[in-house]
Amino acid sequence: MSGPLRVAPVGCSPRRVGGHDRVTGFQRYAADIHLADELQARLVTIPVARARIISVDTRAARQVPGVRLVMTAADLPQPVPRFGPQFQDRPVLAVGEVKYHGEPVAAVAADSKDAAEEAARLVRVEYEELPAVFTLAAALDPAAPLVQDAALRPGDPLAGTNVLREHRVGWGDVDAATADLVVEHAYTFPIVTQFAIEPHVFMAAPDADGIAVWSSIQHPYWLQKILAGLLDLPLAKVRVLAPDPGGAFGGKQHTKYEPLVAFMARRAERPVRLVLTLEESFQAVRRAAAEVRVRTGFRTDGRLSFQDIEADYLIGAYADIADRVVGKGSYVGAGPYVTPDVRIVARSVLSHTLPSTAFRGFGNPQVNWAVESNLDEGARALGIDRLEIRLRNLAHRGDRFIPFDTPADGAWEQAVRRAAELIGWGSPLPPGRGRGIAVGIKSGPTTGLSYATVRLLADGSAVVYAGTSDMGQGARTVFAQIVSTELGVPLDWVAVVMGDTAVVSYDQQTSASRSTVLMGNAVLRACREIQAGLGAMAARLNGLDASAVIVEHGVVRLPGRELPIIDVLTPGLGPLGGELIGNGEMRKDAEPDHPLGGSAAFFEFNCTAIEAAVDEETGDVTIVRHVTVSDVGKAINPLQVRMQDEGAAIQGLGHTLMEHYVFDEAGRIRNLGAIDYRIPTSMDLPLEMQSDIIENEDGPGPYGSKGMSEGALLCVAPAVAAAVRDATGAVIRDLPLTPERVWRALRERTAR
Amino acid sequence: MRESHRIAFNVNGRRRSLDVAAHHTLLDVIRDDLELTGTKECCLVGECGACTVIVDGRVVDACLVLAVEADGAEITTVEGLAVDGDLAALQAAFLDTGAVQCGFCTPGQLIAAHALLAENPHPTIAEIQEGLAGNLCRCGCYGQITEAVRAVAGEIAP
Ligand code: FES
Ligand code: FES
């Protein structure tokens with residue numbers, strides 16, 4: 001018999017679990033799944049940012065052969081149900097007013113895509129266009145129209161403004177602080193979109209007393225809760241199936257059109273399937289734009305005396321998770337530095353734009369861009385090296401750099417020194433070249449709850465149940481490697497089951513780079529339970545006391561000898577076979593008095609160093625070398641860590657160099673879709689990309705790991721802009737650094 | 001009434017004949033009629049490469065070709081790359097170099113790389129990057145994809 005061979009312990013890089021199906025085309029993403037008798041849905045939208053809906057005439061649409069349902073707000077329960085992860089403000093379909101370009105007014109379901117498309121075109125919406133606010137300045141104007149009805153915000157003192165919430169955090173006394181040098185500037189960050197290559201997909205199939213919903217979602221259990229509330233069903237009767245997303249990047253965290261297809265499917269009494277076009281995805285998810293004003297106070301030796309940060313984020317017409325993005329993203333705004341006095345004021349500003357949501361980095365890149373750039377300004381003014389000023393201020397392990405949060409949990413200076421070394425900081429450069437260096441930090445999850453189950457089957461193979469979504473980060477591989485290590489199971493004998501709320505236990509969410517730490521620990525604990533069961537078996541079989549048996553790293557140790565697990569499992573289970581079951585729970589409880597509701601489970605720390613060349617004639621920026629170093633605690637799968645870091649770095653180059661939404665004068669998005677909105681291709685890469693990691697096994701995850709999927713994106717922009725400035729002297733405080741913007745800055749530099 | 005046409009072509013070596021609507025793209029037919037869902041759909045305007053297939057030896061975006069135009073053609077999709085259940089060298093190299101994260105762009109990347117190697121068995125890095133410029137990967141696997149193609153071309157140790 002040819003048995004399995006490969007145990008794949010942590011620290012090695014076996015082929016991705018699920019990789020085989022991804023290279024053969026057999027991986028089933030949400031859009032590849034069809035349901036018997038399904039209807040195809042299309043959304044009906046109008047080409048305005050804001051309008052009063054006068055009437056919706058569905059007669060012509062209903063005449064199209066094959067059309068089974070034309071749904072308007074009037075066909076929904078009244079008042080039209082609203083939902084959202086933070087505020088229940090988003091209606092299932094627009095009610096009375098369209099508040100952003102792309103907000104659906106109606107939806108059609110038909111036997112074929114063709115019929116649905118034709119019918120969607122034939123729905124006549126009569127409307128009156130209304131003035132829209134789609135910039136921070138316009139939304140904050142005291143005379144601006146209110147995006148959200150004040151009645152939806154009872155008891156909220158800000159209800160008469162477009163500020164949804166203001167987040168204040170700080171320590172010391174910035175107003176009383178003194179400094180030898182104060183540098184003050186404003187920086188802007190554009191609206192960019194997640195642009196997962198997989199479209200967003202939503203399907204619903206009602207049954208006798210419940211509903212099943214398929215979605216390309218990251219947080220199936222959160223969706224389940226929202227649907228149960230909207231449909232008045234027990235959780236047990238809402239089954240969410242969440243196939244591995246084909247890229248998500250935060251954009252697939254939260255409920256979007258699942259409630260709509262659920263109501264449609266119930267009304268049509270047939271499954272309903274909605275696949276968004278890329279253009280519709282652009283109108284469904286994006287990152288918040290921001291304007292950040294920073295006042296940084298320095299001592300002559302470069303030490304920070306205070307940081308005073310004001311950040312306005314342009315969120316959309318509905319909150320989605322955007323206000324949390326603002327609160328949590330700005331919270332670590334002062335960076336990984338020891339600063340005696342800090343004040344951070346961040347505002348979530350509503351506008352007539354599509355709701356912004358989570359996007360890798362979660363509100364941090366916006367403030368990081370400003371704070372790191374301002375630090376460079378201070379270094380220049382003081383004549384201190386830009387690497388040196390960072391090292392002088394950096395928190396060291398154990399420093400309470402945020403006085404009421406987790407102390408610095410890494411030897412961060414190692415990452416900074418490593419990045420500097422790799423980029424050759426301080427060595428001579430040819431003319432026209434420059435270097436930049438920046439650091440980024442992000443607070444990991446502040447609360448969490450993950451359950452895992454591991455079953456060790458009679459033949460020694462194992463099944464892991466984990467409610468994480470594997471959207472490319474490789475969570476399946478990480479969990480399988482933990483099981484392989486602990487139970488001695490070859491990697492290809494481990495099955496990882498995810499994505500079905502009826503089968504897999506609860507997981508709070510897949511976000512904030514949490515899964516290796518939180519679910520990873522739950523999987524590890526489940527393995528520990530199985531190891532305890534094996535120990536008891538071995539003791540019983542050998543007439544020993546349980547304390548004389550140790551089970552670890554896939555073997556059973558008895559006094560004087562060591563057995564493979566299977567040699568204990570087979571006799572231990574006996575002739576009926578069966579299995580050993582282990583359950584693991586990992587919880588990080590809320591801390592009610594903490595400004596974020598909980599301290600950081602860990603910090604993600606990254607240092608990025610860039611060497612850039614600038615074409616003085618065209619303003620084109622070439623990234624000659626891109627160095628990214630993350631403190632990951634322990635790389636359970638080093639190749640996957642590298643892929644996440646390099647992928648995040650490239651995504652960061654997108655918002656740094658090319659990506660941004662363009663609005664017309666009425667607030668419509670002008671560059672919807674792949675032709676007019678460019679993301680990095682194989683032709684836009686750094687000439688050389690080098691990623692490295694710091695491993696001190698000092699994280700809270702299995703084997704000392706930390707979360708790590710976002711760090712390498714956080715500080716790309718300030719590092720690149722600093723390199724451009726170093727190369728040319730051109731100062732740019734607005735992203736992205738398009739050739740036109742760089743060219744203009746070069747002209748201004750010459751004019752000065 | 002919508003016009004439909006009877007067409008026939010070979011897909012991954014297998015003869016298929018079917019009625020297709022005149023306005024349906026090759027992508028519609030591959031995914032919806034033939035149920036070969038390995039070929040992906042994203043932008044539908046020829047910009048992302050998720051739908052890349054080989055038609056008569058040429059790389060095309062299946063979203064830009066009408067199915068009727070492929071009448072009589074020889075078509076290869078990602079499902080046709082493995083030989084007798086064994087991964088092709090390129091597929092294995094994608095896994096070994098780490099060229100697959102979410103995997104959604106992977107079928108298109110593999111097909112484009114396969115065609116590139118058929119035409120130019122020893123491409124330079126620049127030629128690979130240029131040859132695959134039409135295939136977006138939002139996970140940012142570009143460096144690893146290039147590495148995989150070079151490994152198969154024998155330029156670097158696999
Ligand atoms: S779907 Fe065909 S190129 Fe994007
Ligand atoms: S692997 Fe995710 S888009 Fe390429």
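Letters A, B, ... are given to chains in the order of the sequence lines, protein chains preceding strands, and every chain is numbered from 1. Everything numeric here is computed off the predicted structure, so don't read it as measured data.
- For a residue to count as touching a neighbouring chain, one of its non-hydrogen atoms must lie under 4.5 Å from one of that chain's; by this rule Gln91(B) touches chain A with backbone and side chain alike.
- A heavy-atom distance below 4.5 Å is not found between the side chains of Arg22(A) and Pro107(B).
- No other option in Met689(A), Lys113(A), Glu279(A) has as many heavy-atom pairs under 4.5 Å with chain B as Lys113(A).
- Thr24(A) is listed as a side-chain neighbour of Leu87(B), based on a closest heavy-atom distance under 4.5 Å.
- If you measure heavy-atom distances from Gln644(A) to chain B, the contacts under 4.5 Å come from both the backbone and the side chain.
- Heavy atoms closer than 4.5 Å to chain B are found in the side chain of Leu639(A), but not in its backbone.
- For the pair Asp684(A) and Tyr142(B), the minimum side-chain heavy-atom distance is 4.5 Å or more.
- With a 4.5 angstrom heavy-atom cutoff, Thr146(B) does not touch chain A via any of its atoms.
- Interface with chain A: from residues 26-36 of chain B, residues Asp28(B), Arg31(B), Asp32(B) qualify, criterion being any non-hydrogen pair under 4.5 Å.
- How far CZ of Arg16(A) is from CG of Leu95(B): 9.0 Å, rounded to the nearest 0.5 Å.
- Within a 6.0 Å sphere centred on CD of Glu688(A), heavy atoms belonging to other residues, nucleotides or ligands number more than 12.
- Contacts of Met643(A) with chain B are made by both backbone and side-chain atoms, with heavy-atom separations under 4.5 Å.
- Residue contact with chain A, scored on non-hydrogen atoms closer than 4.5 Å, is absent for Leu81(B).
- You'll find the side chain of Ile679(A) reaches within 4.5 Å of the side chain of Arg138(B), heavy atoms only.
- Within the 3.5 Å criterion, the main-chain N or O of Asp32(A) finds no donor-acceptor partner in the side chain of Thr37(B).
- No part of Arg360(A) comes within reach of chain B, as not one of its non-hydrogen atoms sits under 4.5 angstrom from that chain.
- Rounded to the nearest 0.5 Å, atoms OG (Ser682(A)) and CG (Asn135(B)) are 8.0 Å apart.
- Options Val78(B), Leu132(B), Thr77(B) differ in how many heavy-atom pairs under 4.5 Å they form with chain A, and the most are formed by Val78(B).
- Contact annotation for Pro686(A): neither backbone nor side-chain heavy atoms come within less than 4.5 Å of a heavy atom of chain B.
- Heavy atoms of Leu278(A) lying under 4.5 Å from chain B belong to its backbone as well as its side chain.
- Surrounding CD of Glu130(B) are at most 12 heavy atoms belonging to other residues, nucleotides or ligands under 6.0 Å away.
- With a 4.5 angstrom heavy-atom cutoff, Leu685(A) touches chain B only via side-chain atoms.
- With rounding to the nearest 0.5 angstrom, the SG atom of Cys141(B) is 9.5 Å from the CD atom of Glu646(A).
- Among residues 39-51 of chain B, the residues having any heavy atom closer than 4.5 Å to a heavy atom of chain A are, in sequence order, Lys40(B), Glu41(B), Cys42(B), Cys43(B), Val45(B), Glu47(B), Ala50(B).
- With contacts defined as side-chain heavy-atom distances shorter than 4.5 Å, the pair Gln101(B)/Gln473(A) does not qualify.
- His24(B) NE2: more than 12 foreign heavy atoms inside a 6.0 Å radius.
- Only the side chain of Phe26(A) comes within contact range of chain B, with at least one heavy atom under 4.5 Å from a heavy atom of that chain.
- Ranking Ala82(B), Gly131(B), Ala92(B) against chain A, the residue ahead of the rest is Ala92(B), based on heavy-atom pairs under 4.5 Å.
- If you measure heavy-atom distances from Gln27(A) to chain B, the contacts under 4.5 Å come from the backbone alone.
- For the pair Ser216(A) and Phe104(B), the minimum side-chain heavy-atom distance is 4.5 Å or more.
- Across every non-hydrogen atom of Phe94(B) and Val23(A), the tightest pair is CB-CG1, 4.2 Å.
- Neither the backbone nor the side chain of Ala88(B) comes within contact range of chain A, judged by heavy atoms closer than 4.5 Å.
- Residue Gly247(A) comes nearest to Cys102(B) through the heavy atom pair N-CB, 3.2 Å, listed as atom of the first residue, atom of the second, then distance.
- Chosen from Cys137(B), Cys139(B), Cys105(B), Gly38(B), the residue pairing most often with chain A at heavy-atom distances under 4.5 Å is Cys139(B).
- More than 12 non-hydrogen atoms from other residues, nucleotides or ligands lie less than 6.0 angstrom from CZ of Arg6(B).
- Neither the backbone nor the side chain of Asp244(A) comes within contact range of chain B; no heavy atom of the residue lies under 4.5 Å from a heavy atom of that chain.
- No other option in Arg28(A), His34(A), Met471(A), His20(A) has as many heavy-atom pairs under 4.5 Å with chain B as His20(A).
- Annotation: maximal heavy-atom pairing with chain A below 4.5 Å, among Ala99(B), Gly103(B), Ala126(B), occurs at Gly103(B).
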